[in-house]
Chemist: 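Below is the structure I would like to discuss, written out as structure tokens.
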Number of protein chains: 2
Amino acid sequence: MPNEKTHDVLIGGGWRPARNPVAFFRAADPSTGDEIEGLYPVSDSSDIEEALTAASAVAPAMVRTGPEAAADFLEAYAAAIETRADELAAAAHRETGLPVEPRLRSVELPRTVFQLHRAAHTARDRSWCRATIDSQANLRSKYGPLGGPVAVFGPNNFPFAYNAAAGTDFAAALAAGNPVIAKAHPCHPATSRMFAEMAFAALKKSGLPAAAVQMLYHMRPEDGLGLVSDRRLGASAFTGSRPGGLKLKEAADTAGRPIYLEMSSVNPVFLLPGALRERGDRIAAELFGSCTAGAGQFCTKPGLIVLVRDQAGRAFLESMKMEFKAAPAQVLLGKSVLEGIRAGLAAMTGAGAEIAAGGNAPARPGFRFESTLLIASGGAFLGRPQALQQEAFGPVSLAVLAEDAGQMRNIAATLDGNLTAAVFSHSGDGDEGLYEELASILRTKCGRFLNDKVPTGVAVSPAMVHGGPFPATGHPGFTAVGFPAALFRFAALHSYDHVRPHRLPPELQDRNPTGTMWRWIDGEPTQRDV
Amino acid sequence: MPNEKTHDVLIGGGWRPARNPVAFFRAADPSTGDEIEGLYPVSDSSDIEEALTAASAVAPAMVRTGPEAAADFLEAYAAAIETRADELAAAAHRETGLPVEPRLRSVELPRTVFQLHRAAHTARDRSWCRATIDSQANLRSKYGPLGGPVAVFGPNNFPFAYNAAAGTDFAAALAAGNPVIAKAHPCHPATSRMFAEMAFAALKKSGLPAAAVQMLYHMRPEDGLGLVSDRRLGASAFTGSRPGGLKLKEAADTAGRPIYLEMSSVNPVFLLPGALRERGDRIAAELFGSCTAGAGQFCTKPGLIVLVRDQAGRAFLESMKMEFKAAPAQVLLGKSVLEGIRAGLAAMTGAGAEIAAGGNAPARPGFRFESTLLIASGGAFLGRPQALQQEAFGPVSLAVLAEDAGQMRNIAATLDGNLTAAVFSHSGDGDEGLYEELASILRTKCGRFLNDKVPTGVAVSPAMVHGGPFPATGHPGFTAVGFPAALFRFAALHSYDHVRPHRLPPELQDRNPTGTMWRWIDGEPTQRDV
């Protein structure tokens, strides 16, 4: 153990030192590269074991306390976050380099609070669980908790909205009635600690068990594999890199434990000839902003831009180059992002792409990179489609110049699953034929399909899908954002056959438990009693 | 190629000989063991490749034709099946040994027809796709087809209701808008051929493409792995043994292709002391029927019966033994079932269970086995819980005699995921405390939870869950039976962000496409237009 006081982990209903830490770490300020005060433990398997035991023990109690207690908790927690908003923004800024204003303080924090409130509303409303009653067969079903905890692995790029102890996965898992074991991202331990402190204080005021929320700062990769494959686990949710995600997926799949992953996406944007002739400059400005906002560190950053090499296409590309060249280098989330960009650029240039703007890390302190635009011909892309559709997480995008509309279609056909796909087309019917062909191909390759709009900016809406086919995620039928849909990842489908009335969960008893909950009774949605 | 004419496969919109069959096979009559006329090909990978190519090519057309064409097809097909009901029952009886009456002709066939009609109704109604409209954000979402075919692997035990070319998976996949590649079970090729002939005739009368349904009789295991992991595949559904299912799961998981599996289940039944004191004999008769109906070859057969070794428990067990001993040996589905039973019995007796009734295969023609009851003490079970909760597919059940209620709870806690779990308790409140404890444990270990009722008999109801946690299936959030819920296995979640009104699918346009479809508009279910 070091001489310096180290931070406690939140396990088993209280804060305590890590049991047998395998190491300690500090966060770094990515704008300077300097270490930040505060020493955090890397837990070994004994902390994970204890967290699993504690969470499994409280899972049945959470079924009994019901959705009101979870909703009370989520609301109290949201209110607490608002009282410490400035402090949170300052801590997250220091740990991530993301600007306090507007990003952290005025966008991501309010969004995080909003998500917690939507999750609370969803839990309280209860309609999400799709109570279905067949009164003739006396058969009743609903979605219910998994019976074990949800392990949430938070990413580096959203210290609030996807934080393992405060973000969308956390909120959805609790709203669905499950305990959470949060595995914070080691980039921002102080931010995560503040969240977990507030969560724990809010827990104690709610009717939920004290071990309903637990948090570890860091663990070895092999212990992560052990966690997601543990028999007691209900499910896990991971947002991060593809290599890490695939390893967790394999372990969880082998053990038969559900896992939801958001692993990578190039978010293709197709710019049709009529759109570029009509408004190429406006699209260039908008798209440049989307490619480079937050130093390109969004899951939905447009990493692949496909256009035809006609006059309007070439003019558009010149505008884009100028925008990219004029932009200052931005601070990245950390060293690993910088390394990832370098590896991605090497892979893409090795596969035939050329750097048209940017491409360098300035020799300034910390971890920064220039806004970078690569160009490849349609032929080059079709020759190496896998190498050229890799995500380079950061301010890096590849523009592919297709010979013609036919090549554009062929490019679309080679694409893997993505979170989003967008098509910009002529505001009249100038591009309608090509649009239809592309839309038919792209629709099944993404979760969210956009028209004339950049993909960054993921609205917390019931109609949002932040998901998509493999390898963007692990399953095309789910979303990580949007209530109530995000809850289904953390729910099991339960049927009650001939179960005596007083033993049914309230949502399936004859009497509507809230008077307003929507249920499907004998084939129709209704708010009435049976 | 043999001299005898061999049967064609249905691939690419027509019947044709298998391209490069690796072998040919005949079905056997399990009541005699004799071969049945008719030589069927084992396809090699070139048939599978062609089926995948054809199905992928028609998937976009099926999106355009929309749900009416699929519903027309399903209804025409259902009507055709009814006209050949006697012929189908005769063929299936010969291939499976299952009785024509009432099982095949009066139970399973009508159920199969009903399922097809429910699937058609679900497709036509459209409410299943959960159209969700956020009018303020102009964001709209719904479940849509996967963009590639669904491979359906049919089991041996339901030649109609789970037939790869006619059963619940087939119906759900088509109703959700996907082409189907059916892989028939080699136990009943003639039955499957008749279905596929009728399906193909009905296809030609509907607006669906001719390659929307394809069928192969058999393939090598390695080609099955290739099929479920093909990049063009939307998803696959498998009903069968655990070893086979786990291999397919691994291949599909690695490739990131969704797979739904129904692999095994012991369907535990807990008999509480008050229930046995009150009505032990009635329960024994009912449970015996459930254990041995269809020679125990149901997915939901009670394979594990847990009771307390008190006076009523011992009396119950004597009744059960008498029932099992008095029952004649039954014809099994085939040789592999007989071999599976022998292996299962060896494993269970090796782990400490004793045979209390049955246990033998009569030296008569064909494949038969006695109704078999094993007994183990609660202590023995807790010593080898994994070995003693293996499914022995056939008329075999294990009764576990617990010392007391506490041991009963401990037994429940060791159970893996199952399709069903049932508790029989005193009709008053005589068992209420123990019931509550057991229900809390068992609820999260099964898809369908029953009171005072045997688990065999799976109603086709919107509130049915024929699913459950691993290893009963691969994911606890889905069901293979019941409409509309069964469709979600074969659907992707699609969001439309700012998509121009005329380009939206009909279900998401402002105007309700049917006038009666239920959609969630701005948070409320409604049948109105936007």
Chemist: Just so I understand: if I count every heavy-atom pair under 4.5 Å between each of Lys445(A), Arg257(A), Met464(A), Glu250(A) and chain B, which residue has the most?
Modeler: Met464(A)
Chemist: As a quick check of understanding, evaluate salt bridge (Lys or Arg N to Asp or Glu O under 4.0 Å) for Lys453(A) and Asp497(B), giving each step before the final call.
Modeler: CA-CA 8 Å; Lys453(A) 190 166 181 263; Asp497(B) 192 344; 3.0 Å; yes
Chemist: Sub-3.5 Å donor-acceptor pair from the side chain of Ser461(B) to the main-chain atoms of Asp134(A), do we have one?
Modeler: no
Chemist: Is Glu507(B) salt-bridged to Arg140(B), going by a charged N under 4.0 Å from an acidic O?
Modeler: no
Chemist: In terms of heavy-atom proximity below 4.5 Å to chain A, should Asp125(B) be classed as side chain, backbone, both, or neither?
Modeler: neither
Chemist: Please classify the contact of Lys249(B) with chain A as side chain, backbone, both or neither, using a heavy-atom distance under 4.5 Å.
Modeler: side chain
Chemist: If I measure from the heavy atoms of chain A, does Ala255(B) come under 4.5 Å with its side chain, its backbone, both, or neither?
Modeler: backbone
Chemist: Among Pro60(B), Pro525(B), Ala459(B), Gly477(B), single out the residue with the greatest number of heavy-atom pairs under 4.5 Å to chain A.
Modeler: Pro525(B)
Chemist: What part of Val63(A) gets closer than 4.5 Å to chain B, counting heavy atoms only: side chain, backbone, both or neither?
Modeler: neither
Chemist: Pick from Val465(B), Thr473(B), Ile133(B), Thr254(B): which one has the most heavy-atom pairs with chain A under 4.5 Å?
Modeler: Val465(B)
Chemist: Just so I understand: if I count every heavy-atom pair under 4.5 Å between each of Gly147(A), Gly417(A), Pro476(A), Ala492(A) and chain B, which residue has the most?
Modeler: Pro476(A)
Chemist: Is it the backbone or the side chain of Phe478(B) that comes under 4.5 Å from a heavy atom of chain A, or both, or neither?
Modeler: both
Chemist: Can a side-chain donor-acceptor contact be found between Arg242(B) and Ser264(B) if the only test is distance below 3.5 angstrom?
Modeler: yes
Chemist: Taking atom CD as the centre, does Gln386(B) end up with more than 12 heavy-atom neighbours from other residues, nucleotides or ligands that are less than 6.0 angstrom away?
Modeler: yes
Chemist: Does any heavy atom of chain A fall under 4.5 Å from the side chain of Pro471(B), the backbone, both, or neither of them?
Modeler: neither
Chemist: Chain A heavy atoms under 4.5 Å from His502(B): which part of the residue, side chain, backbone, both or neither?
Modeler: side chain
Chemist: Please classify the contact of Thr420(A) with chain B as side chain, backbone, both or neither, using a heavy-atom distance under 4.5 Å.
Modeler: neither
Chemist: Which atoms of Leu508(B) are under 4.5 Å from chain A, going by heavy atoms: the side chain, the backbone, both sets, or neither?
Modeler: neither
Chemist: Examine whether an atom of His475(B) lies under 4.5 Å from a heavy atom of chain A, and if so say whether it belongs to the side chain, the backbone or both; otherwise answer neither.
Modeler: side chain
Chemist: With a distance cut-off below 6.0 Å to the six-membered ring centre and an angular limit of 45° from the axis, does Arg231(A) pair with Phe470(B) as a cation-pi contact?
Modeler: no
Chemist: Using modelled atom types only, decide if a donor and an acceptor are shared between the side chain of Ser495(A) and the backbone of Arg448(B) within a distance under 3.5 Å.
Modeler: no
Chemist: Is the terminal nitrogen or CZ of Arg443(B) (NZ for Lys, CZ for Arg) located under 6.0 angstrom from the six-membered ring centre of Tyr496(A) and within 45° of that ring's axis?
Modeler: yes
Chemist: At a heavy-atom distance under 4.5 Å, which candidate from Lys142(B), His498(B), Glu524(B), Gln136(B) has the highest pair count against chain A?
Modeler: His498(B)
Chemist: Find out whether the Lys NZ or Arg CZ of Arg500(A) is both under 6.0 angstrom from the six-membered ring centre of Tyr435(B) and within 45° of the ring's axis.
Modeler: no
Chemist: Based on non-hydrogen pairs under 4.5 Å, which of Val499(A), Thr132(A), Asp416(A) is most in contact with chain B?
Modeler: Val499(A)
Chemist: Does atom CG of Asp522(B) have more than 12 heavy-atom neighbours, drawn from other residues, nucleotides or ligands, at distances under 6.0 Å?
Modeler: yes
Chemist: Answer yes or no: are there more than 12 heavy-atom neighbours, outside Glu286(A) itself, under 6.0 Å from its atom CD?
Modeler: yes
Chemist: At a heavy-atom distance under 4.5 Å, which candidate from Ser425(B), Ala235(B), Pro469(B), Pro145(B) has the highest pair count against chain A?
Modeler: Ser425(B)
Chemist: For the candidates His426(A), Arg489(A), Arg64(A), His466(A), which exhibits the highest count of non-hydrogen atom pairs separated by less than 4.5 Å from chain B?
Modeler: His426(A)
Chemist: Heavy-atom cut-off 4.5 Å, strictly under: side chain, backbone, both or neither for Phe449(A) against chain B?
Modeler: both
Chemist: Regarding Thr456(B) and Ser290(B), do their side chains bring together a donor and an acceptor under 3.5 Å, going by distance alone?
Modeler: yes
Chemist: Identify which part of Leu246(A) has an atom lying under 4.5 Å from any heavy atom of chain B, answering side chain, backbone, both or neither.
Modeler: neither
Chemist: I'd like to know if the side chain of Ser440(B) reaches the main chain of Glu436(B), judged simply by a donor and an acceptor atom lying under 3.5 Å from each other, with no hydrogens or angles considered.
Modeler: no
Chemist: Which of the residues Gly447(B), Ala422(B), Pro258(B) is involved in the greatest number of heavy-atom pairs with chain A at under 4.5 angstrom?
Modeler: Gly447(B)
